Amino acid sequence: MTNEELKAKLTGINSALTFEEGGQWLNVNVEPKDWLPFAKELRENPELNFDYMFCLTCVDWKTHLGMVYHLNSKNLKHIIVVKSKLDRNNPEIETISHIWRTAEFHEREVYDLFGVTFLHHPDLRRLLLTDEWVGWPLRKDYEDPVNMIKL
Amino acid sequence: MFEEVATTEQGDLVINVGPQHPSTHGVLHLIITLRGETIMKIEPHLGYIHRSIEKMCEGLTYRQFVYVTSKMDYLSSHINNHGCVLCVEKGLQLEVTPRAQVIRVLMDELTRIASHCLWWGALGMDVGALTPFFHAFREREMINVIMEETCGTRLTMNYMVPGGVMADLHSNFQKRVKQFIKDFKPKLIEYDDLLTNNSIFIERMKGVGILSKDDAVSYGCTGPTARGSGVSCDIRKWYPYEIYDKLNFEEVLETEGDSYSRYMVRVREFRQSLSILEQLIDNIPEGDFQTKTKAVLKLPKGEFYSKVETARGEFGVYIVAEGATNPYRIKFRSPGFSNLSALDHIARGQKIADMIAIMGSLDFVIPDIDR
Amino acid sequence: MWSLSSITDIVQTWLGSTFNPTIALLLQFVMAGLLVITLFAVLGLVLVFMERKVSAYMQVRIGPNRVGPRGYLQTAADTLKLLMKEGLVPAGADKFLFNLAPYVVMISAMLLMAPIAFAKDFQMWDLNIGVLYVSSVSSIAVIGILMAGWSSNNKYSLLGAMRSGAQIVSYELSAGLSIISIVILVGSLKISDIIASQQDGWWIFKGHIPAIIAFVIFLIAVTAETNRAPFDLAEAESELTAGFHTEYSGMRFALFFLAEYANIFIVCAIGATLFLGGWMPFHIGNLQAFNHIMDYIPSSIWFFGKTFFLIFVIMWFRWTFPRLRIDQLLNLEWKYLLPISMFNVLLVTIMAIMKWHF
Amino acid sequence: MFLKEYFKTIFGTVKSLLTGMRRTGYYFTHGKEIITQEYPNEYPVLADRFRGEVVMIHDEKNEHRCTGCSACEISCPNGTIKIISKFETGPDGKKKKAIDKFVYHLELCTFCNLCIEACPTSAIKMDQAFEHSVFDRSRLTKVLNKPGSKIMEGVE
């Protein structure tokens, strides 16, 4: 599917979506509260069939946190990037680990390093750091005088 | 059926496998709940070798960060570097000379063979046969010598730079690679004698740790792990980079989804990689090995994603650039991390000895998982 | 001609003429015990060194080559290291059983030395139920292993010990049955009788195919009984770190290690005695000249040569094969080895009754 | 045909196992296949590009080519190189920047070759020495320019 077709199709699902083009792939911005039903539709709609999530990450934009989901369809061979802006002080978004199982670990990693709370995640704990760790290391304002490597 | 009973009951044995355990190949820590010898639940604890490479890369320039990525999946460091330089080149819209492209592909395939060699030996060691390990290292050493001669180091080469490769091929390169291809082919038959056709080994691997096709996709498994389940996911075929679309090789697929088919995928990939080497080694085009680049690289504002096929699967580099000399945010999508998430699912209900065989067949490199 | 039996005779006559009979007997016991201990120490050093060299050559490397000339002193240095090492007892371990276990394993191995004929007329105790004694005493070792595994207060050790229990108990059966097939052919349990019956040819040659099958089964079963790869599930380095002796260190570990090699030696000695004629030289039918030359080789060399050949075969197994899984191991025993060896015993019995063997 | 299958499995197994044993047996009896290098006795042949440590090239007049531009310092991902510069008065009376000390922290170095690539005057190169173990960590911090050395004529 071309980007134009995808855009038409996605707008049909949720009219509140905004799109960014010009990058490598079609970028879709979605409100955090709309994310779960939208994700379900992306996975289950046979014309979209995004069955493979190859990247899930977060970017700290200093004003807000931006979740980035890279989705691919194995048989239809199209890729979209879904983005969602989260409040930096209280980042919360619904988990999608039951839709794409790989998200379970990736969400734990994002929780660990950015502090994004994934609602209804089956096992939201620190993954890489110790359970007692304070702070979210990949945020831009994180300072750790002991372990930080300054160049 | 084991999904439901995955709770700890009275009489269950909870054992720590790792962080120091002979078969976790590093510092992976698994908390395993056993009932008898049957696995009820596996809970990976990561981070023992977590160095926060993503954070480190935010402070490094586009030339420097390439090198750090060789320390992630140290067995396919060339291919990791390749993914990074591809991403930077995408941002700079750099064209790479044909010679550099061929050199990069040659190096990638040599790395893949070296990595699979080590995996083959280590898998043998996991199932209790120690001899294959040394035999595989002998072949790996030949590749290391080739690498050392051209790149200067043996494991973490930093040979790829944005715009090409760091140095031209050594004059011995072609001769040595041809010799290696000649030597390696009969060794593959020995490999078959020692493990592939060994009935104890087949017994250990067949029907163990079955990962279905849908699960493989859902868990984001890539590389030989997913191809063993019949998922076509070779980036070299799907999203060809460099000159892979001009090469004649097949994507190895097995359909069973058990440990043995994952094993067979990798063993058959030896031959595919050898055939790529054979196609290229006599056809290295003349020309520059590096495109001229500015001394200081600055990526324009934007987001760039590149993916390459490492020995373990799909390696993605996601760079968010703000126009500075260093990336604003960088994310490495490592194949091992996603493959590990499937471990709990496929090992449930198996014996503890199977878990070792499954881990061997998934081919983990712990720094790749932890980053 | 110089032989071990003449030395024992000289010693015995000297003791008998110097001391009164009771003290002479006691002194003989002490000397035999000391000899066994020395043999154990020497065997441990030699076999460990042999294992290292065999594995090294199979793995395209040299092996130990630094300590002493060509590395010959490597194992001695290792022993010295183990002796000086602190023997730790883990917290929560059953101290008494933990300390006892290596000795149980070791003593059962030592007891097995008694009926073995090392050379012509060189045997500690030629008891009339020699073979039965061997197969029953060798099962004691599993108690030591279970003790070690349970008392260590370590889950890996426990798993290893439980595996070992299941394994040794089941493989005892087919080992016993393959021994019985030779006993049937000989008609005696006495070791010296068994060796004497092979005067005109070893059982593996004159016992036809059933003897060969019994020999192969015996080799597999004893490999399993001594916890050697591919049946080393009790240790299973890549799964259970070191299985039942995970928590052992220092001298206690060395005892386990030594007992393992002593056990290999003993089972191979039994195998050599039953199937390859013990100290009997190799003879071919009526080739008198050849047989004569063979007779000149001392009987102890024949015995140790055969034993070490079998040990080499067992080492060869270890450095070639992957390890089996516990259920496959039991499958192999109960579905393959046991039915075949039972059928084989039947064949041997028919053969013995019909006098089909040579 | 249960029995036929049964025996087929046995023979297949035994055959495959014997094939494996033939392989290891071959290596056991063929000592010339051994690939061990007895390292301290047999010194390895190193490739000419081998990256052992960074050294500064000095010629016989004890002159080097380093201008102290600190391109290597900037290019290093680990902060391995510290250049301490001073100002020298040249023969024409002009003050000129020159290196006082080229400090190289071998313990931080990852041998990525980026400093050598970055150097505009080819003043440093990778040496082949690889036996770096020392008893005291401070000995890994090295000053690369030899005492009394100065910059070569004509290198800017």
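A, B, ... follow the sequence lines: proteins, then strands. Residue 1 opens every chain. Below, each value reflects all heavy atoms present in this structure, side chains not excepted, and no hydrogens, waters or symmetry copies. Just so it is clear, the model here is predicted, and its values are computed rather than measured.
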Which atom of C/Phe321 lies closest to which atom of B/Asn198, heavy atoms considered: CD2-ND2, 3.8 Å
In terms of heavy-atom pairs under 4.5 Å, which option from B/Lys351, B/Glu203, B/Met125 contacts chain C the most? B/Glu203
Looking only at heavy atoms, what is the nearest atom pair of C/Thr320 and B/Ala129, with distance? O-CB, 4.1 Å
Can you list the steps and then say if B/Phe137 with C/Arg61 is a side-chain contact (heavy atoms from CB on, under 4.5 Å)? CA-CA 11 Å; B/Phe137 259 64; C/Arg61 53 195 180 88; over 6 Å; no
Less than 4.5 Å to any heavy atom of chain C: does that hold for the side chain of B/Arg204, its backbone, both, or neither? both
Heavy-atom pairs under 4.5 Å with chain C - which of B/Met355, B/His135, B/Gln20, B/His21 has more of them than the others? B/His21
What are the two closest heavy atoms between C/Trp319 and B/Leu130, and how far apart are they? CZ3-CD1, 3.3 Å
Looking only at non-hydrogen atoms, find the nearest pair between B/Asp126 and C/Arg323 and report the distance. O-NH1, 4.1 Å
Leading residue by heavy atom contact count with chain B [cutoff under 4.5 Å; candidates C/Met58, C/Arg318, C/Lys155]: C/Lys155
Would you compute the distance between atom CG of B/Asp354 and atom CZ of C/Arg325 and round it to the nearest 0.5 angstrom? 4.0 Å
Contacting moiety of C/Leu332, where chain B heavy atoms sit under 4.5 Å: neither
What is the distance from atom CZ of C/Phe231 to atom CD1 of B/Ile200, rounded to the nearest 0.5 Å? 6.5 Å
For the CZ atom on C/Arg70, are there more than 12 heavy atoms of other groups (residues, nucleotides or ligands in this structure) within a distance under 6.0 Å? no
Tell me whether C/Lys335 at atom NZ has more than 12 heavy atoms from other residues, nucleotides or ligands lying less than 6.0 Å away. no
